[in-house]
2 protein chains.
Amino acid sequence: MALTADRFTVYLMKMNVNFNNKRVLDDLSNCLAGKGLRFSRKRMEVIEHFIGSTRHYTVEQLYDEIRKTNPGIGYSTVYRALKLLAECGMAKVHHFNENETRYEPAGKNRDHDHLVCEECGRIIEFTSEGIEHLQRRIALENDFSARRHEFQIYGLCSKCRGKEGRTS
Amino acid sequence: MALTADRFTVYLMKMNVNFNNKRVLDDLSNCLAGKGLRFSRKRMEVIEHFIGSTRHYTVEQLYDEIRKTNPGIGYSTVYRALKLLAECGMAKVHHFNENETRYEPAGKNRDHDHLVCEECGRIIEFTSEGIEHLQRRIALENDFSARRHEFQIYGLCSKCRGKEGRTS
DNA sequence: ATTGTTGCAAAGAGTTTGCAATGCT
DNA sequence: AGCATTGCAAACTCTTTGCAACAAT
């Protein structure tokens, strides 16, 4: 039986996964189907766990978390699943800090950017119309076709600012 | 004899290095002095080559380029010099693409961000007052002390857009 | 039955580090 | 003389891959 978005939806419902972005869902089943891939239990467990959350995971974090309930899953499976999700547009890849790759479920809410606390590592999401405008204007001014952007603000979150000297 | 900004300036002039940002210069000599470091010929050759350019180097690129004129310099020296420069605030580190670390001389001109062509890798710098405003506003709205930001716009530069289908 | 998937261990890529020789001061 | 610096090779970390056993279709 061919892999379809409908079938995948049923699968996700069965797994009780809260995933309501139709476009990205189609992307995934198309991506799987287009590559001749199958529904494997373990891969789906990784995807379920990942999609069900709102965190910005390192591979290690996701691996450790999944191992708690599914000790039989290996590192490479997590790597392979995340890579697949990224290719299908279901995961966004970030490099907030040096030598650190983080994966975030895409489509969980609308486009956003991040505040990154350099002290505790906390990541705060924000959306800003202003950035979209800026992106368009800057692209225009530089004769550039913008596809996407990365915008991070680094500093101290409210909690950590308290501990260090005031910044204002 | 202690390492001073003046002495360093003389050194740079001797080497014919175009480096006119006083503040960053002070940072470097202070950084060197503070760490009890010495003026070594090889490190200075790396620094000279790096500071004299306006590129966004990978370690490998810088290494290859320096080796053309200084075949005696090793990989680790380049790594160590760039790391030092980054610590002293004379080099900015970027991760424009996955698995790629690039170093850019800081202080060569005022703060700027980057357009990154996903086709040919070209990097275009731009400055935008708007982003500074946004950073301040967003930080305020989220009770966050902003120190710095990273903003990249990914897409196609004018040359590469011509080859692919129009985007508009 | 056929072909994709997995875990493991090994291999890669990028970066750092221990150490003996060398260079600054 | 005393200590920083260097190049090399080895070590390290993160990620990918080959392969034999296993699972999905």
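So that the names make sense, note that chain A is the first sequence line, chain B the second, and so on, each numbered from 1.
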request  = Send over the distance from A:Leu82 CG to D:dC14 P, rounded to a whole Å.
outcome  = 15 Å
Base versus backbone protein contacts along nucleotides 12-17 of chain C [heavy-atom cut-off under 4.0 Å; B, S, -] = --SBBB
For atom CZ of A:Arg41 and atom C1' of C:dT6, their distance in whole Å = 14 Å
inquiry  = Does the Lys NZ or Arg CZ of B:Arg147 fall within the cation-pi geometry relative to A:Tyr154 - under 6.0 Å from the ring centre and within 45° of the axis?
reply    = no
query = How close or far is atom P of D:dT25 from atom CZ of A:Phe39, stated in whole angstroms?
reply = 8 Å
ask   = Looking only at heavy atoms, what is the nearest atom pair of A:Gly89 and A:Ala106, with distance?
value = O-CB, 3.4 Å
message = What is the separation between atom CG on A:Leu62 and atom C1' on D:dC14, rounded to the nearest whole Å?
response = 16 Å
message = Taking B:Glu129's backbone N and O only, do any of them form a donor-acceptor pair with B:Glu132's side chain (distance below 3.5 Å, no angle check)?
response = no
inquiry  = Strictly by ring pair (Phe, Tyr, Trp, His ring centres under 6.0 Å), give each pair with a member in residues 60-80 of chain A just once, sequence neighbours left out.
reply    = A:Tyr63-A:Tyr75, A:Tyr75-A:Tyr79
task = Report the relative orientation of the aromatic rings in A:His114 and A:His56; use parallel for angles under 30°, tilted for 30 to 60°, perpendicular for over 60°.
result = perpendicular
key: Polar side chain donor-acceptor pair, B:His94 to B:Glu104, under 3.5 angstrom   = yes
query = Quick one: A:Met44 CE to C:dG4 P, roughly how many Å, whole number?
reply = 15 Å
Could you pull out the protein-nucleic contacts involving nucleotides 2-4 of chain D (nitrogen or oxygen on both sides, under 3.5 Å)?
residue, atom, partner, partner atom, Å
D:dG2, N2, B:Arg38, NH1, 3.2
D:dG2, N2, B:Arg38, NH2, 3.4
D:dC3, O2, B:Arg38, NH1, 2.6
D:dC3, O2, B:Arg38, NH2, 3.4
D:dA4, O4', B:Arg38, NE, 3.4
D:dA4, O4', B:Arg38, NH1, 3.4

key: Test of ring centre spacing under 6.0 Å for A:Phe151 and B:Phe151   = yes
message = In whole Å, I'd like the distance from the CD1 atom of A:Ile73 to the C1' atom of C:dT6.
response = 10 Å
request  = Grab the two heavy atoms, one from B:Lys42 and one from B:Gly72, that are nearest each other, plus how far apart they are.
outcome  = NZ-O, 3.4 Å
